[in-house]
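Single-structure report; data block below.
In what follows, chains are A, B, ... by sequence order, proteins preceding strands, each numbered from 1. What you see is a predicted model; the values in this text were computed from it and never measured.
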Amino acid sequence: MIQFQYERATTTKAAINGLANNSNARFIAGGTNLVDLMKRNITAPTKLVDINMVPLKDIQQQNGKTSIGALALNSAVADNKLIIEKHPLLSQALNAGASAQIRNMATVGGNMMQRTRCPYFYDTALPCNKREPGSGCGALEGLNRMHAIFGTSEQCIAVHPSDMCIALVALDASVLVAGPKGERRIPFEEFHRLPGNQPEKDNTLQNNEMIISVEIPDNAFAKNAHYFKVRDRASYAFALVSVAAALNMDGKVIKEARLAMGGVAHKPWRLKEAEKALAGKPATEETFRQAAEIAMQGAKAFKYNAFKLKLGPNVIVEALKNAAGLV
Amino acid sequence: MNEAFFDKKDYKPLDRVDGRLKVTGAAKYSAEYVLPNMSYAVLVGSTIAKGTIESIDSKAAERAPGVLAVISHLNAIKLPSYQSKGEHPSEPSTKGQPLRVFFDNKIYSNDQPIVAVVATSFEKARHAATLVKVQYNKEQHQTDLEANAEKAVLPASGKKNPKSPTADYDRGQIDAFANAPVKFEAEYVLPTEVHNPMELQSITAHWEADDKLTVYDKVQGTKMTQKNFAKEWNLPEENVKCIATFVGGAFGNGLHNWPHETAAIIAAKQVKRPVKLVLTREQMFTMVGYRPRTWQKIQMGATKDGKLVAINHQSIGQTSTYEEFTESTLQQTRMMYASPNVSTRYRILPLNLATPIWMRGPGEATGAFGLESAMDEVAHSIDMDPVDFRLLNYTESDPDKNMPWSTKYLRECYDEGKKRIGWENRKMQPGSVRDGEWLVGYGMGTGTFGANRNSATVHAELDKEGNLVMHCAITDIGPGTGTAMVQIASNTTGIPTEKIAFHLGNSEFPNAGLQGGSSTVNSVGPAVLAACNALKEQLITMAAAKGNAAFASAKPDDVMFDKAEIQLGGKSAKLTLGDLLKQNNIEKIETTNESKPDENRNKYSMNAFSMHFAKVHVHPFTGQVRVKKIVCCADAGTIVSPKTAASQMIGGATGGIGMALTEDAVMDHRFGRYVTKDLADYHVPVHADVPEIDVYFVNKPDLLADPVGSKGLGEIAIIGVAPAIANAVFNATGKRIRELPITPDKLI
Ligand SMILES: Cc1cc2nc3c(=O)[nH]c(=O)nc-3n(C[C@H](O)[C@H](O)[C@H](O)COP(=O)(O)OP(=O)(O)OC[C@H]3O[C@@H](n4cnc5c(N)ncnc54)[C@H](O)[C@@H]3O)c2cc1C
Ligand code: SF4
C-alpha cells in the first residue's frame with residue numbers, strides 16, 4: 001500500500017497547519033474525487049488532512065448575502081430551504097450533478113476543486129499535460145467530444161466538470177479562503193483559470209490555502225431561474241453542455257440577466273456580453289436567440305465537439321425560455 | 001393504461017428462492033470465499049496494442065511490503081497445455097488459440113495481462129503492481145474496424161461448413177435486388193459494447209493438493225471450467241472442482257475461460273497459497289470479452305405494395321488476431337421474412353484487440369438492428385404501416401431450413417403490442433405528433449432466437465417428510481434458475497415450493513451445459529421433469545407392491561402430492577409418503593435422470609419470438625431522447641416462473657435502451673486504448689432512462705421443443721429493442737440514425 005500520513009483536523013487553523021511544509025499534502029473531504037484519483041495512480045499525496053470534522057457545514061443568511069460553508073454536502077445545500085427559496089438556480093444545478101449517493105458525500109469545497117474528467121488525464125498510459133506537464137495533450141488531436149470550445153490552449157482543451165460552479169459563477173458568488181497569512185476573498189469568476197501554458201493548475205487557490213465558504217449576494221433572480229443540462233443519459237452523466245440562466249423580470253421585460261455555461265471551458269463560463277444584450281429587452285425567443293448568438297462568439301471547435309457550436313446556443317435559448325416561463 | 005403484470009391483485013407468482021440470501025448479503029460470490037493463508041493477485045496490463053516485451057523491471061515491486069511473487073513470462077511455470085502448439089484448451093468457445101497468459105513476450109492487444117503481482121493483501125498487491133516497469137518493442141497496431149474493413153475474412157466455420165450461420169448464403173436469385181421495383185440500401189454500425197455486469201470478474205484459486213485444484217470462479221459453466229482447467233493442467237477431470245453458486249450477472253462474459261483465471265491458478269501454484277484475483281472495472285473492458293463493433297450493409301427490394309423481393313445482408317465484426325470469434329448476426333435475415341431471394345455474407349476482421357465474446361442477444365441483437373431498421377425504412381418509403389409490412393411478409397414456415405415451425409405465435413405479439421403501446425396514436429408522417437415541446441414517436445422491432453436445448457442431468461431425492469432436494473451443475477447468472485426449477489418440480493409433483501430445494505453452480509453436481517443461449521429452462525427443466533416423474537414411478541411401484549391395487553396401473557401423471565399433507569393421491573386412492581417409506585424401511589428415495597434433445601429437432605425449426613414496441617419523446621433543440629414506454633411481447637413457450645421471466649424481459653429491454661441510446665466503448669485508435677472505460681464514461685442506462693416496461697407473454701407451450709414447452713427468453717428480451725427505439729426516434733424526428741448509440745449530438 002502507498003504509505004501516507006493521515007491527520008484529522010477539527011479547526012480551520014489546524015487544517016491549514018496540516019498542510020504546512022508539505023507541498024504534497026492534500027485535504028480530503030467527501031473523497032469522491034480524490035480517492036478515485038489516488039486509486040488510478042494519478043495523484044499520490046504523502047499526507048491527507050481530513051477536514052470533515054471542521055465545523056464548516058452551515059448555510060447562513062447575513063448582511064445581504066448567503067454564506068455556504070465549504071463542507072456543506074451537495075445534497076444538504078440542494079435541499080436547504082433558504083437555498084431553494086433564495087437561490088433555486090444553485091439547488092437545481094446541484095441536483096443535476098452526479099448521483100444521489102455521490103451528492104450525499106460530496107462537499108462544496110470538494111466540488112469546486114474536482115479535477116477534469118478528460119479520459120487522457122485519467123489513463124496514466126496516455127499523454128496529458130495536466131497530469132504530466134510536457135507529455136503532450138492527448139485530446140487535442142484525439143477523442144475530444146467532451147472538450148472545450150472556449151478559452152482553450154495548445155496545451156490543454158479540457159473542461160471543468162462541475163454543475164454547481166456554473167450556477168455560482170452566474171450568481172456573482174465569491175469564495176472566502178484562508179491561508180497561513182489569513183483570509184481573502186476571490187470572486188468566483190476568478191477562482192478557476194484557463195489552461196494557458198500551465199494546464200496543471202486548475203484554479204488560483206494557493207497550495208497552503210483552504211476554502212472556507214462561498215458567498216452569494218442577495219439578488220432578484222429567484223423567480224426566474226433555470227439550470228438546463230444536456231447529457232448522454234437522463235441522469236448521472238457529466239454535461240455535454242449546460243446553461244445556468246437567471247432573469248430579473250419587470251412584467252415581460254428583462255431588467256437584468258445572468259448567464260453561464262458548463263461543459264464548454266476550463267472554467268465555469270460566464271456570458272457577460274449576452275447578459276448585456278438581454279437587459280431591457282422583452283423576454284421572447286427572438287431575444288434569447290440573439291443573446292445566444294452573441295454568447296457563442298469566439299467559440300472554436302475541435303474534430304469531435306463541433307456539435308457544441310450548435311447545441312450551445314440551443315441550450316442557452318432553452319434555459320432562458322424555461323427561466324422566463326415560456327415553456 | 002394497462003395494468004402492469006406485477007400490479008395485478010391476483011398475481012402471486014413464486015418469489016426468487018434465493019432472494020433473501022441475495023438482499024441480506026448471505027449469498028456468497030466468488031470473491032467472497034475466505035480461505036486460510038489467502039493471498040491476493042493484481043494484474044498489470046500492457047500499455048501497447050502490438051509488439052513484444054523488451055524487459056520487465058520488477059525489483060521495486062518485489063521489495064515492496066507483503067509481496068510474495070511477481071509473475072510474468074520470465075518466471076511463470078509453463079502449463080502442460082502450453083507445449084502443444086495451436087491446440088485449444090478452451091472448448092467450447094471461440095476457434096483459435098486462446099491467449100496463453102505469461103507464455104511469451106508477445107503483445108496482442110492493449111491491457112493484455114502481462115504481470116501478476118501477488119501479495120499478502122489486496123492493497124499491497126495493488127500498490128506493488130504500480131511499481132512494475134515494462135519496456136516494449138512497439139509495432140504498428142490496427143484496431144480500427146472501418147479503416148481495415150477490406151481485410152475482413154470468411155471465418156473458418158463458414159468455409160468448412162456451408163450450412164453454418166457464418167457461411168455465405170444464397171436463396172433464390174442473386175441479382176433479384178437489382179430488378180426490384182422498390183430498392184433500398186443502407187449501412188448500419190453498432191459500436192463495441194461491454195457486458196459490465198455489476199459483479200467484477202473474480203476467481204479464488206486453491207490447490208488443495210499438488211494435483212487437486214478448486215476454483216471459486218465467476219463463470220457461466222462449471223463443467224466447462226472443470227474440463228478446461230483439467231485439460232490446461234493435464235489433470236483428471238475429477239481433480240478439478242469449480243464452484244459458482246452465485247454469479248452477479250455476466251451477460252455472456254462467463255462463457256469463456258479467460259487469461260486472468262489461468263493467471264490466478266498459476267500464481268496459486270507458485271506461491272503455494274490460495275490466490276484471490278478480482279479485476280478492476282477498467283480491466284472488465286479489456287480482459288473478459290465484449291460485443292464486437294459491427295458494420296452492416298443491407299439491400300432490400302420490394303414491390304410497391306409491400307411484398308419483399310430480395311434481402312442482401314452483409315456484416316463485418318471484429319475479432320482478435322488469435323481467436324476467431326463468430327456469432328449469428330445474419331441468421332434471422334434468412335428466416336424472419338418471406339423473401340424469395342436472400343443472400344447473406346458474414347465476415348470477421350482480426351484486429352489487435354482482445355477476443356470478443358457473446359453478449360446478451362449476441363449477434364442476433366446486432367443483426368436485428370440492421371434488419372429491423374431496414375424493414376422500417378422500406379415500410380416508410382412505400383408509405384405502409386411497419387406492422388402491416390411485417391404481417392404481409394410473415395413466414396408460416398422456416399424458409400431457410402425448409403421446415404415447419406414447432407410453434408410461432410408472433411401474430412399474437414403484434415396484436416397485443418399494438419394495443420398496449422397505443423399504436424393508433426402513431427402517425428405515418430414523422431415529426432407530426434407533439435407533447436409540449438417534445439416530439440413524440442412510436443417504433444417497433446422484432447426479435448427471434450433459436451429455442452436451444454442441450455442435454456442435462458438432475459439428481460433428485462425425496463425424504464419421508466416430503467422434502468425434495470435436487471442437484472445440477474448448471475449456473476445461475478441472475479435469471480432465477482433455481483426459482484424456475486423449483487416451480488417446475490412443484491408443478492410436476494404437487495409438493496409445495498417451500499419444501500423443494502434446487503442446488504446448482506458446482507461441477508461436482510450432475511452434468512449441465514452453459515447458462516447461455518437462452519437454453520437453461522429448455523435443457524435443465526426437462527431433466528427436473530424427468531427426475532420428478534422417475535420419483536413418482538418409484539413410489540407407484542412401491543405402493544403397488546405393498547398391495548395398493550389402485551396404484552398398480554397408475555402413470556406418473558395420475559399421481560400428485562396433496563399439498564398439505566404430502567399425501568400421494570390420484571386414482572381415487574391416497575397414501576401418506578412417510579408411511580409408504582416406512583413400510584419399505586427406507587428414509588428417502590432418489591434418482592438421477594438425463595434429458596436430451598430429441599429427433600423433433602430434425603423435423604421442425606424451433607425458435608422463440610419477440611416483439612418490442614417503443615414510444616419516445618425527443619427534444620427538438622437539444623436532441624435528448626426519453627423513452628416513455630416499452631411493450632415487450634414474447635412467444636417463448638411455457639412461462640414457468642412468471643415473475644422472474646418478466647424480470648428477464650425488463651432487464652433485456654433495459655439493455656436494449658443502453659444499446660440504442662447510451663452504451664459505447666470508444667477507442668482512440670492512435671493508442672488502441674479505450675477512453676470510456678469506467679461506469680462514469682461508459683453509460684449503462686440508469687433509472688431515469690428506464691420507463692414503464694410492459695411485459696406480455698403468449699404463454700403457449702411448445703412441446704415439440706422440449707417436454708416443459710419452453711423456448712427460452714434471455715436473448716429475445718433484448719433482440720429487437722434497439723431498432724424499436726431507433727425507429728421510434730425516426731418517427732418522432734424524421735432523422736434516421738444508423739450508427740448507435742443515438743446521443744443528443746446526432747439529433748440536433
Ligand atoms: C461518477 C461520478 C459522476 C459525477 N458526476 C458529476 C456531475 O454530473 N456534475 C458535477 O458537478 N460533479 C459530478 N461528480 C463530481 C463530484 O461532484 C465531485 O467528486 C465532488 O463534488 C467532490 O467533492 P468531495 O467533497 O468528495 O471532494 P474530495 O474528493 O474530498 O476532494 C476533491 C479535491 O478538493 C480538495 N478540497 C476539498 N475540500 C477542500 C477545501 N475546503 N479547501 C481546499 N481544498 C479542498 C481536496 O484536497 C481534493 O483535491 C461526479 C463524480 C463521480 C465520481
Ligand atoms: S485536454 Fe487537458 S486534461 Fe485532457 S489530455 Fe489534454 S492536457 Fe490533459
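Between A:Ala234 and B:Ala688, the closest heavy-atom pair is CB-O, 3.5 Å. The minimum heavy-atom distance linking B:Ala680 with A:Arg233 is given by the pair O-NH2, 4.2 Å.
Atom CD of A:Glu285 is surrounded by 12 or fewer heavy atoms from other residues, nucleotides or ligands within 6.0 Å. Environment of CD in A:Glu141: sparse, with no more than 12 heavy atoms of neighbouring residues, nucleotides or ligands closer than 6.0 Å. Enclosure of atom CD in B:Glu146 by more than 12 non-hydrogen atoms of other residues, nucleotides or ligands within 6.0 angstrom is indicated. Crowding of B:Glu739 atom CD: a count of heavy atoms from other residues, nucleotides or ligands under 6.0 Å exceeding 12. B:Tyr136 OH: more than 12 foreign heavy atoms inside a 6.0 Å radius.
Contact annotation: the side chain of B:Pro744 approaches that of A:Leu240 to within less than 4.5 Å [non-hydrogen atoms, C-beta and beyond]. At least one side-chain heavy atom of B:Phe621 sits under 4.5 Å from a side-chain heavy atom of A:Lys321. Contact check for B:Phe671 versus A:Pro127: side-chain heavy atoms found under the 4.5 Å cut-off.
Contacts with chain A were tallied for B:Val684, B:Thr280, B:Asp664; B:Val684 has the most, counting heavy-atom pairs under 4.5 Å. Heavy-atom pairs under 4.5 Å with chain A were tallied for B:Arg673, B:Arg126, B:His669; the largest tally goes to B:Arg673. Of the residues considered (A:Ala98, A:Ser99, A:Pro119), A:Pro119 shows the highest number of contacts with chain B, using heavy-atom pairs under 4.5 Å. Chain A forms more heavy-atom pairs under 4.5 Å with one residue of B:Thr47, B:Thr130, B:Asp678, B:Ile748 than with any other, namely B:Ile748. Put simply, of B:Arg670, B:His619, B:His687, B:Lys746, the one with the most heavy-atom pairs under 4.5 Å next to chain A is B:Arg670. Across B:Thr622, B:Thr662, B:Thr743, the residue that shares the most heavy-atom pairs under 4.5 angstrom with chain A is B:Thr622. Most heavy-atom pairs under 4.5 Å with chain B: of the set A:Lys308, A:Lys39, A:Met146, this distinction falls to A:Lys39. The residue among A:Phe238, A:Tyr122, A:Phe228 with the most heavy atom pairs within less than 4.5 Å of chain B is A:Phe228.
In this structure, CG in B:Asp745 is found 6.5 Å from CG in A:Asp232, a value given to the nearest 0.5 Å. For the atom pair NZ (A:Lys229) and CD (B:Gln624), the distance works out to 11.0 Å, reported to the nearest 0.5 Å. Taking OH from A:Tyr236 and CG from B:Asp689, the interatomic distance works out to 13.0 Å, rounded to the nearest 0.5 Å.
With a 4.5 angstrom heavy-atom cutoff, B:Ile742 does not touch chain A via any of its atoms. Heavy atoms of B:Val625 lying under 4.5 Å from chain A are absent altogether.
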- What do the steps show when you test B:Lys677 against A:Asp123 for side chain to side chain contact (heavy atoms under 4.5 Å, CB included), and what is the final call? CA-CA 10 Å; B:Lys677 51 176 169 241; A:Asp123 184 343; 2.7 Å; yes
- How far apart are the C-alpha atoms of A:Arg231 and B:His683, what are their side-chain angles, what is the distance that settles it, and do they pass the side chain to side chain contact (heavy atoms under 4.5 Å, CB included) test? CA-CA 11 Å; A:Arg231 44 191 149 174; B:His683 297 133; over 6 Å; no
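For the residue pair B:Asp668 and A:Tyr120, a side-chain donor N or O sits within less than 3.5 Å of a side-chain acceptor on the partner.
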